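Okay, structure first, notes after.
All figures in this text were calculated on a predicted structure; none of them were measured in a lab.
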Protein chains: 4
Amino acid sequence: MSKTSSAAPTRQRRKEARPQELLDAALALFVEKGFAATRSDEVAVRAGVSKGTLYLYYPSKEELLKAVIQQNYSGLIAEGAGIVDNFEGPTAELLAMLMRMWWTRVGSSPAGGIHKIMMAEVRNFPEIAQFYRDEVIQPSSELLIRTLRRGVERGEFRPLPYEEAMHALIAPLIFMSLHKNSFGACPLEGMDFDPDRVIEVHIELMLNGLLTKPAITAKTTTKAS
Amino acid sequence: MSKTSSAAPTRQRRKEARPQELLDAALALFVEKGFAATRSDEVAVRAGVSKGTLYLYYPSKEELLKAVIQQNYSGLIAEGAGIVDNFEGPTAELLAMLMRMWWTRVGSSPAGGIHKIMMAEVRNFPEIAQFYRDEVIQPSSELLIRTLRRGVERGEFRPLPYEEAMHALIAPLIFMSLHKNSFGACPLEGMDFDPDRVIEVHIELMLNGLLTKPAITAKTTTKAS
Amino acid sequence: MSKTSSAAPTRQRRKEARPQELLDAALALFVEKGFAATRSDEVAVRAGVSKGTLYLYYPSKEELLKAVIQQNYSGLIAEGAGIVDNFEGPTAELLAMLMRMWWTRVGSSPAGGIHKIMMAEVRNFPEIAQFYRDEVIQPSSELLIRTLRRGVERGEFRPLPYEEAMHALIAPLIFMSLHKNSFGACPLEGMDFDPDRVIEVHIELMLNGLLTKPAITAKTTTKAS
Amino acid sequence: MSKTSSAAPTRQRRKEARPQELLDAALALFVEKGFAATRSDEVAVRAGVSKGTLYLYYPSKEELLKAVIQQNYSGLIAEGAGIVDNFEGPTAELLAMLMRMWWTRVGSSPAGGIHKIMMAEVRNFPEIAQFYRDEVIQPSSELLIRTLRRGVERGEFRPLPYEEAMHALIAPLIFMSLHKNSFGACPLEGMDFDPDRVIEVHIELMLNGLLTKPAITAKTTTKAS
DNA sequence: AATGAATGAGATTTCATTCAT
DNA sequence: GATGAATGAAATCTCATTCAT
């Protein structure tokens, strides 16, 4: 019926490969069912090992969660920093490139599911919350803020409160990533839009706005903060 | 502001108030700790009753979750529909009004936390997923799409793929709501921006874009779908 | 076949009686099989409840052990102190009375088994070790030492190092108690002496010695310390 | 005194030394932590081998326990028998010599810890109980009883029930040995007596009694049984 | 022979749910 | 109805034992 049907489940020694296999299995299940609702031997079975083996590599389910998060984010940010520092050309292009890159590399990959786990669990794991803020949120925020500032200083972008604009910028990316791993994974009728196109439209709108002619908005006198 | 402090003599716990008290307690705890990690007698204690009493009203924790979700969304949408149908004036104003309204009435109220629960649990409760799509997502999407179409048809907005634009529009609202109930509730340093202002910046940017001068974007030749 | 044969194992509410029943069951099993080798649901079953109920009263097996020890020794020593303070007559009689009393009330009762548990487990539970020393060993040692000093000071006993003599005095009592709960409980042939008579012989020998005529012993010039 | 420090070049672990090293490691750990609470790879690590190697020599932890006990008692008794048979002189001296010898050779050596293990585990291992009775208790009891009888028959000792007197005689020896391996190994204040001196006082008291003048005891008309 | 990665039965503990009071 | 003591299925984690290398 499937791949491992006939051969006896002979015991395998794969010390090197095991951590990665376990982390992948754990990520998939934590994203699908949530951390608390995933039983530790489900993880083991999906990774093709026994319950005991899982505990040989990670001393508790909580440590496993931490390892999943760390492994997926180590050295993800550094890459983006290099791009920002070396880019020459219109800031709009740089911004669009960063956002498309994040979407390709994180948002629509398994690692994107980590956001879902984090949203659901941060309040139960303050230690992980701090780690995630320091290693992921903070550096990537800085990257985008630096880019916005570049645009404003070069006169390409209108003046803005950077922190808030940054959040408005990334919100649809993360939202789409969350969607893919929640509603998007359910067999529901009538939810058949294409996340990739949402990202493109978002980029377009962010840069150019909805209006055919710029309006003078009274309410939000936005200044670069 | 205080709930029921003055009027009720608080003599005996009123039977008819129980369901609401239980649902409120459950909502708060499910949002804070997640569904699986909330113990059913925590809910009971927070509602001021005993564990047994909880089961008198809801036959299982799962049914309680369903009731929490359903109760918080009954008749939330109808209100918006009336506004859209009767509004006269620039569509940009209508759109901004709808978004601010959602933020005030839902996003920054306890009900906003339901999104967090839904994200975390839909894949475990397909039944709820369908309900939520039918009762919440579908009608509010239609409302926004109708508004966008109004803008495009009146020549106020540039042509757009409605579905995708709609998602780009609501993403920061929902994202901020999720944030308030996850990272925003953790005592982390350096995450001290104001969600309300993010909403305002988002509205501003959505309408006018980042660029000082409109660019001709080649990549996304967005047409009204 | 037995007492609870026919009646359905109907759930009983016995909040008051439960702690004692659980402690008795735990004592018996810890003495018989040792602490580590006793499974917590064995304790529950012997007390006539379910595993869950045990944890309703004691939050862990270790806490259960502590409770067993404390409950069996609270106010056991005070009694002896009263006797020593009020006794008039030959110290030999007082000493014999104390020893026989201990044997009757502790050594040959279930509580005597606690010594066996303590011997086996002290090194794993330093906290309990301290408790036992403070509550049991220290006060009862003082009692015996006071008695020995009375004998020496009244010229009834030869001079002695009190601390060491005290240990020589109680050793057979405790040893017999340990024996009853270890070898004595095994179905072995040829170990059929009577512990009660050992105690009597010990008392006799302690007071009068083995020798028909007192010897002058060079080696141990024992002085009252 | 040092085991094998100078002679062996310690190049490769010698195969023939393994069993002894394993038994020593097991003895030390079983005495310290108890049988059930000692993990089998703790034993292996302490013996400087891997877990797998331990199972090459002993097929189960239970067999290891048996081996520990048996190995430590082989040919311990024979020695004593020779002494008793050949001794000439006062029986009191013989008795004192036997007791001091036991204390030196067994009680205060690692082998003394076996008593602790036996006390704790006999009821779980009936097979070992029988072995211990046959190989250790029975022969050494006989030795002491023979010595007591010699004393009584030569008119040196008062008439006694031999079996019971024998137990009264050895109790402090074993009790001190147990103490060294339980409470004595805990860092408790106020338990700082010297076991060696307890033994000496015990011998002194046993021979001469506490009383300055022999009393006529009515209660225990002890006759040689 | 020696190793230590892998296993899985079994232990402790939790908690949704039931039900006697 | 309301309570909370009682239950037991199920979850996490341990560790004696096995076996591929």
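- Taking a 4.0 Å limit (strictly below) on heavy-atom distances, residues 14-33 of chain C reaches DNA chain F at C:R14, C:K15, C:R18.
- Separating the CG atom of B:L54 from the P atom of E:dC15 is a distance of 15 Å, rounded to the nearest angstrom.
- Atom C1' of nucleotide E:dT13 and atom CG of C:L56 are separated by 13 Å, given to the nearest angstrom.
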If pairs are Watson-Crick or G-U with both distances under 3.5 Å, what is the dot-bracket string of DNA chain E, marking crossing pairs with [ ] and pairs to another strand with |?
-> .||||||||||||||||||||

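- For the pair D:R18/D:E21, a side-chain contact is recorded, criterion being any heavy-atom separation below 4.5 Å from C-beta on.
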Does the pair C:V49 and C:Y57 meet the rule for a side-chain contact (heavy atoms from CB on, under 4.5 Å), with working shown?
-> CA-CA 11 Å; C:V49 300; C:Y57 289 88; over 6 Å; no

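- The side-chain heavy atoms of B:F35 and B:N124, taken from C-beta on, include no pair separated by under 4.5 Å.
- Considering only heavy atoms from C-beta on, B:L27 comes within 4.5 Å of B:I117 through its side chain.
- The separation between A:Y58 atom OH and F:dT12 atom P is 17 Å, rounded to whole Å.
- Side chains of D:E32 and D:E42 form no contact here, defined as non-hydrogen atoms less than 4.5 Å apart.
- At least one side-chain heavy atom of D:L64 sits less than 4.5 Å from a side-chain heavy atom of D:L23.
- Judged by distance alone, with hydrogens and angles left aside, the side-chain atoms of B:K33 form no donor-acceptor pair with the main-chain N or O of B:R39 at under 3.5 Å.
- Taking only side-chain nitrogens and oxygens, D:T53 comes nearer than 4.0 Å to OP1 or OP2 of E:dT3.
- Between atom NZ of residue B:K51 and atom CG of residue B:D41 there is a gap of 5.0 Å, rounded to the nearest 0.5 Å.
- Between A:V68 and A:I114, the closest heavy-atom pair is O-CD1, 4.0 Å.
- Under the 4.5 Å side-chain criterion, counting only non-hydrogen atoms from C-beta, B:V122 is not in contact with B:I128.
- Note: A:F183 and B:Y132 meet the aromatic proximity criterion, with ring centroids under 6.0 Å apart.
- Look at CD on C:E63: it is 15 Å from P on E:dT12, rounded to the nearest Å.
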Could you run through nucleotides 16-21 of chain E and give me one letter per nucleotide, 5' to 3': B if any protein heavy atom sits under 4.0 Å from the base, S if only the sugar-phosphate is that close, - if neither?
-> SBBSBS

